[in-house]
Amino acid sequence: MELEEFIKQLDALAEQAEAAFQSCQGAESFEAARVEFVGARSGQFKLIQKQLGQLDRDAKPAAGKKLNESKARIQAAMEAAQLRLDETGNQQTLGPMLDATLPGIRQHLGRVHPITQTIEHLKDIMGKLGFAVVEGPEVEDIWHNFVALNIPEDHPARDSLDNFYLGSTGNTSGAPDTERLLRSQTSTVQIRVMENTKPPVRIISLGRVYRPDEADATHFPMFHQMEGLWIDTDVTMAQLKSVLRMFATAYLGEDVSIRFRPSFFPFTEPSVECDFLWNGNWIEFGGAGMVDPNVLQSVGYDPELVNGFAFGLGVERLCMRRHCVEDIRDLYRNDLRFLHQF
Ligand code: FA5
């Protein structure tokens, strides 16, 4: 046999095989084409390959090269067909593969976050003590966050490093906004309520506050406070202590030990810090005191006629003590294994 004839046969075979693989429509015609062209025993490629022995010795290298090329062409056509059939096959089988008797994917109901649960619980207890719930804004102005709370301009509590001032006002100068900030305590709500309400006042306000505190087991840069305010005639420090003690035993249990320590806040005089005992340590859970006459005056009350007390308690620390959560950061990691326990 001549080399030329050998090459012609291979070209023709590759062409036929390509056409056959391109036109096959399913597994059966694909298998038929595979057997016909590349079947191991009597496939056409094998038959031509067997003729290699009949060629002259000189022609064999060129013939071998052509054999490899043709084999690669046929192989490529076969693989393309296989891919095409796999894709269409998958699409066709998707329908029947759906098993309507399978149980389906279970949907999980969400839960109320432990801090939100705590807030509701605290409102409930304070409601029974006669305190109404009010709300206040989280973005505050200088007046409510500082001035009206008896915190003068040069007071360290105003330091920009101790507060989250709003970065940009959108003003044309691009100057930072030093007039508005995220409130650093819920005591701002005391002022807002007194500005708009005639005494007597007996309210609580619960919400988020923000401080650039580094997070550790008992601190977080965003946390919640419950503010309380009672203004009337002849309100006493003894009443303040009774209210806080009743609240603490209602929320933390009859056996809780709490103590009051002298302290300082610019907007109360005298002032105290309140601690509870937990695992042998005293942990601070709030500040309180008799409302400073300057504050009463700044909202238009007459300190000769009315007085009162105020307190601000850390909601997270109360929640932690009740539920034995030893690290405040667990409340905000969004780990469902933790949150599902509440
Ligand atoms: C105040 O914020 C005062 N406004 C409380 C007050 C209100 C005093 C009314 C007098 C009259 P203080 O900064 O101590 O006080 O915070 C009160 C409580 O918030 C703390 O006892 C603590 O329980 C909680 N707290 C403070 N900082 C953090 C923080 N970074 N993370 C979590 N809880 C905090």
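Given the structure is predicted, the values throughout are model-derived calculations rather than measurements. Counting convention: from 1, in listed order, for ligands and their atoms alike. The chain is numbered in sequence order, starting from 1.
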* Would you mind listing the cluster partners of Trp282? Hydrophobic ones only (ILVMFWY), side-chain contacts under 4.5 Å, chaining allowed. => Leu277

* Structure fact -> From the list Arg208, Arg180, Arg183, Arg192, salt bridge (Lys or Arg N to Asp or Glu O under 4.0 Å) with Glu140 holds only for Arg192

* Can Arg333 and Asp330 be said to form a salt bridge (Lys or Arg N to Asp or Glu O under 4.0 Å), step by step? -> CA-CA 5 Å; Arg333 277 189 232 279; Asp330 285 337; 3.0 Å; yes

* **Aromatic ring proximity His323/Phe342, centre distance under 6.0 Å** => yes

Does ligand 1 have any N/O atom under 3.5 Å from a protein N/O, and what are those pairs and their distances?
| residue | atom | partner | partner atom | Å |
| --- | --- | --- | --- | --- |
| ligand 1 | 2 (O) | Arg211 | NH2 | 2.7 |
| ligand 1 | 2 (O) | Gln225 | NE2 | 3.0 |
| ligand 1 | 4 (N) | Gln185 | OE1 | 2.5 |
| ligand 1 | 4 (N) | Ser187 | OG | 2.9 |
| ligand 1 | 13 (O) | Arg211 | NH1 | 2.8 |
| ligand 1 | 13 (O) | Arg211 | NH2 | 3.2 |
| ligand 1 | 14 (O) | Glu284 | OE2 | 3.1 |
| ligand 1 | 16 (O) | Gln225 | NE2 | 3.4 |
| ligand 1 | 19 (O) | Gln225 | NE2 | 3.4 |
| ligand 1 | 21 (O) | Glu284 | OE2 | 2.6 |
| ligand 1 | 21 (O) | Gly286 | N | 3.0 |
| ligand 1 | 23 (O) | Phe285 | O | 3.3 |
| ligand 1 | 30 (N) | Asp213 | OD2 | 2.8 |
| ligand 1 | 30 (N) | Phe220 | N | 3.4 |
| ligand 1 | 30 (N) | Phe220 | O | 3.0 |
| ligand 1 | 31 (N) | Phe220 | N | 3.0 |
| ligand 1 | 31 (N) | Phe220 | O | 3.4 |

* Using the ring of each side chain (for Trp, its six-membered ring), is Phe131 parallel, tilted or perpendicular to Phe309, with breaks at 30° and 60°? -> tilted

* Structure fact -> Correct closest heavy-atom pair for Met237 and Pro270 would be SD-CG, 4.1 Å

